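In this text the structure is predicted, and so the values were computed from the model without any measurement.
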Amino acid sequence: MADLTAAPEAQEASEVLLEFPDNRLLIDLCGEFDRNLTHIESHLGVQIIRRGNQLVVMGESSAREKAGEVLQSLYERLESGKAVEPGDIDAEIRMGGTQDGTGTRDGDQMEMFKGSDVEIKTRKKTIEPRTAAQKAYVQSLFNNELAFGIGPAGTGKTYLAVAVGVNMFLGGHVDRMILSRPAVEAGEKLGYLPGDMKDKVDPYMQPLYDALNDFLPSKQVTKLIEEKKIEIAPLAFMRGRTLANAFVVLDEAQNATTMQMKMFLTRLGEGSRMVITGDRSQVDLPRGVDSGLRDAEGLLKGIDQISFNYFTSKDVVRHPLVAKIIEAYDDASQKAMVRAAKQARKD
């Protein structure tokens with residue numbers, strides 16, 4: 001474990017000194033060409049200098065203390081046998097032992113599991129939430145029979161839901177997984193795509209296949225699909241079914257109509273768990289058709305064993321530019337709403 005100490009008195013106002021006993025782990029902590037240190041420097045506005053088995057952190061008081069905590073946590077991660085990747089660094093910077101920015105609504109996700117690890121073990125990898133909101137979301141998926149994940153693209157809503165589903169399936173808690181999406185045309189017509197119905201629908205389902213292949217060997221995915229242990233199908237194919245002892249995910253739920261959403265929610269059978277994910281800012285339904293996700297959000301709040309989990313651009317775990325792009329679009333949308341309100345008052 002790293003030894004976090006103050007720098008000599010003359011430099012006490014601007015430096016924090018960290019000493020790491022294992023040079024091999026220190027090399028991994030710094031990363032190739034010190035890229036991990038550069039990552040932390042750019043995000044926290046500090047300077048980190050390596051001196052033998054020590055790291056000196058210089059900068060503004062709160063920033064250098066934060067950087068010291070991040071470096072210490074990452075070193076402990078390495079001591080436990082785990083790797084350190086850019087996403088893990090982002091997770092430490094974002095979460096940092098605080099509960100801020102969780103995206104929770106009053107009454108939801110009250111326990112933030114401070115001081116405990118939340119891991120999802122699958123056949124190919126172990127997945128860890130990288131923001132506080134993701135951490136709360138994962139825990140709610142295990143604790144609730146019906147959970148909603150609502151927020152912008154890139155926040156891990158679907159990825160984590162599929163990971164939890166795979167974990168519960170492998171653990172014998174459910175007999176099968178059912179992954180679904182509304183096959184809503186977003187700029188291109190289904191009829192213009194080549195092939196039979198499966199060929200036309202599969203492109204819409206591809207993100208679900210991608211997530212599964214991240215957690216299970218491809219041969220096993222193929223075998224489980226053939227055995228109907230895993231089903232990937234458009235929302236329309238769910239009508240008339242009762243989904244018992246299954247882990248069920250509805251992705252892109254903002255593109256389900258109100259009637260489709262009601263139909264899907266009432267498929268929930270004995271021993272099943274259901275996850276609904278969606279982004280209210282990316283509705284592809286025809287003009288004038290209400291989103292079933294928005295209706296469900298208003299109608300179902302307050303019902304026991306239904307959790308609502310919210311994400312913001314701060315929870316984006318893709319390329320850092322994705323968060324900035326989402327914030328730019330949100331800002332433009334807010335300005336457009338203000339202009340429309342002013343215009344309405346003038347009229």
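L250 is not listed as a side-chain neighbour of L265, based on a closest heavy-atom distance of 4.5 Å or more. When side chains are defined from C-beta on, L146 does not count as touching I303, because their heavy atoms never get closer than 4.5 Å. R50 has its side chain out of reach of F20: every pair of non-hydrogen atoms, C-beta onward, lies at least 4.5 Å apart. Two residues are said to be in side-chain contact when any heavy atoms from C-beta on lie closer than 4.5 Å; V174 and R273 fail this criterion. Under the 4.5 Å side-chain criterion, counting only non-hydrogen atoms from C-beta, N36 is not in contact with L74. R267 is not listed as a side-chain neighbour of I178, based on a closest heavy-atom distance of 4.5 Å or more. Contact of the V162 side chain with the L212 side chain is registered, since non-hydrogen atoms from C-beta on lie closer than 4.5 Å. Looking at heavy atoms from C-beta onward, K262 lies out of side-chain contact with T258 at the 4.5 angstrom threshold.
Of the inter-residue distances, the one linking F308 atom CZ with L300 atom CG reads 5.0 Å to the nearest 0.5 angstrom. Annotation: the span from E65 atom CD to L44 atom CG amounts to 12.0 Å, rounded to 0.5 Å. With values rounded to the nearest 0.5 angstrom, I232 atom CD1 is found 8.5 Å from M205 atom CE. Atom CD1 of residue I276 and atom CG of residue L293 lie 8.5 Å apart, to the nearest 0.5 angstrom. Atoms CG and OG1, from L179 and T158 in turn, are 9.5 Å apart once rounded to the nearest 0.5 Å. Distance check: I93 CD1 to S73 OG gives 11.0 Å after rounding to the nearest 0.5 Å.
Not a single side-chain hydrogen bond (donor to acceptor under 3.5 Å, both in side chains) links E226 to another residue, sequence neighbours left out. Residues satisfying the salt bridge (charged side-chain N to carboxylate O under 4.0 Å, His left out) criterion with D28, sequence neighbours excluded, are absent altogether. Taking the salt bridge (charged side-chain N to carboxylate O under 4.0 Å, His left out) definition, one finds that K229 meets it with nothing, sequence neighbours left out. Partners of D210 by side chain to side chain contact (heavy atoms under 4.5 Å, CB included), not counting sequence neighbours, listed by chain and number: Q206. With sequence neighbours left out, Y159 forms a ring-ring contact (aromatic ring centres under 6.0 Å, His included) with F215. Evaluation of the side-chain hydrogen bond (donor to acceptor under 3.5 Å, both in side chains) rule for D34 yields no partner, not counting sequence neighbours. With sequence neighbours excluded, the residues that form a side-chain hydrogen bond (donor to acceptor under 3.5 Å, both in side chains) with H39 are D90. By the salt bridge (charged side-chain N to carboxylate O under 4.0 Å, His left out) test, E227 pairs with K223, sequence neighbours left out. Here N167 pairs with nothing under the side-chain hydrogen bond (donor to acceptor under 3.5 Å, both in side chains) rule; sequence neighbours left out. Here R181 pairs with D251, E252 under the salt bridge (charged side-chain N to carboxylate O under 4.0 Å, His left out) rule; sequence neighbours left out.
When every heavy atom of V46 is checked against every heavy atom of A67, the shortest pair comes out as CG2-CB, 4.0 Å. L235 and A256 make their closest contact through CD2-CB, 3.7 Å (heavy atoms, listed as atom of the first residue, atom of the second, distance). Shortest non-hydrogen contact noted between N255 and Q260 is O-OE1, 4.1 Å. Shown here for M261 and A253, the closest heavy-atom pair between the two residues is CE-CB, 3.8 Å. A161 and V275 make their closest contact through CB-CG1, 3.9 Å (heavy atoms, listed as atom of the first residue, atom of the second, distance). Across all non-hydrogen atoms, the minimal contact from P129 to V118 is CD-O, 3.0 Å.
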ask   = Going through the checks in order, is the side-chain contact (heavy atoms from CB on, under 4.5 Å) test met by I49 and M58?
value = CA-CA 8 Å; I49 299 173; M58 297 184 292; 3.2 Å; yes
| request: Decide salt bridge (charged side-chain N to carboxylate O under 4.0 Å, His left out) for R77 and E92; before the verdict, give the C-alpha distance in whole Å, the side-chain angles of both, and the deciding distance to 0.1 Å. | output: CA-CA 11 Å; R77 178 183 176 85; E92 290 295 340; 6.0 Å; no
Stepwise side-chain contact (heavy atoms from CB on, under 4.5 Å) check, T277 with Y137:
CA-CA 11 Å; T277 69; Y137 175 58; 3.4 Å; yes
field: Stepwise side-chain contact (heavy atoms from CB on, under 4.5 Å) test for L37 and L55
entry: CA-CA 10 Å; L37 301 185; L55 293 177; 4.1 Å; yes
| field | Verdict with reasoning, Q47 to E41, per side-chain contact (heavy atoms from CB on, under 4.5 Å) | value | CA-CA 6 Å; Q47 183 180 4; E41 288 176 330; 4.1 Å; yes
Apply side-chain hydrogen bond (donor to acceptor under 3.5 Å, both in side chains) to D315 and T155, showing your working. CA-CA 5 Å; D315 299 302; T155 50; over 6 Å; no
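Under the 3.5 Å distance criterion, the side-chain polar atoms of S272 are left unmatched by any main-chain donor or acceptor of L268. Judged purely by atom type and a 3.5 angstrom limit, S291 uses its side chain to pair as donor or acceptor with the backbone of Q254. Panel note: side chain S307, backbone A147; no donor-acceptor pair is recorded below 3.5 Å. Judged by distance alone, the side chain of Y75 and the main-chain N or O of D22 form a donor-acceptor pair under 3.5 Å.
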Side-chain donor-acceptor pairs under 3.5 Å in residues 238-247, sequence neighbours left out?
{"unit_1": "R241", "atom_1": "NH1", "unit_2": "E231", "atom_2": "OE1", "d": "2.9"}
{"unit_1": "R241", "atom_1": "NH2", "unit_2": "E231", "atom_2": "OE1", "d": "3.3"}
{"unit_1": "R241", "atom_1": "NH2", "unit_2": "E231", "atom_2": "OE2", "d": "3.0"}

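By the neighbour-count criterion of 12 heavy atoms within 6.0 Å, atom NZ of K121 is sparsely surrounded, having that number or fewer from other residues, nucleotides or ligands. Counting heavy-atom neighbours within 6.0 Å of D331 CG, excluding the residue itself, gives a total above 12.
Note on V70 and I27: separate hydrophobic clusters, where clusters join Ile, Leu, Val, Met, Phe, Trp and Tyr whose side-chain heavy atoms are under 4.5 Å apart, directly or indirectly. Under a hydrophobic-cluster definition in which Ile, Leu, Val, Met, Phe, Trp and Tyr are linked whenever side-chain heavy atoms come within less than 4.5 Å, directly or via other members, L170 and L224 are assigned to the same cluster. Note on M274 and F237: same hydrophobic cluster, where clusters join Ile, Leu, Val, Met, Phe, Trp and Tyr whose side-chain heavy atoms are under 4.5 Å apart, directly or indirectly. Following chains of ILVMFWY side-chain contacts shorter than 4.5 Å, one cannot reach V283 starting from M259, and the two form parts of different hydrophobic clusters.
Looking only at atom types and distance, the side chain of S62 has a donor-acceptor partner in the side chain of E60 under 3.5 Å away.
Pairs of residues two or more places apart, or lying in two chains, never qualify as salt bridge (charged side-chain N to carboxylate O under 4.0 Å, His left out) while including a residue from residues 145-169.
For the side-chain contact (heavy atoms from CB on, under 4.5 Å) criterion with I127, the lone passing option out of L160, V138, V166, V164 is L160.
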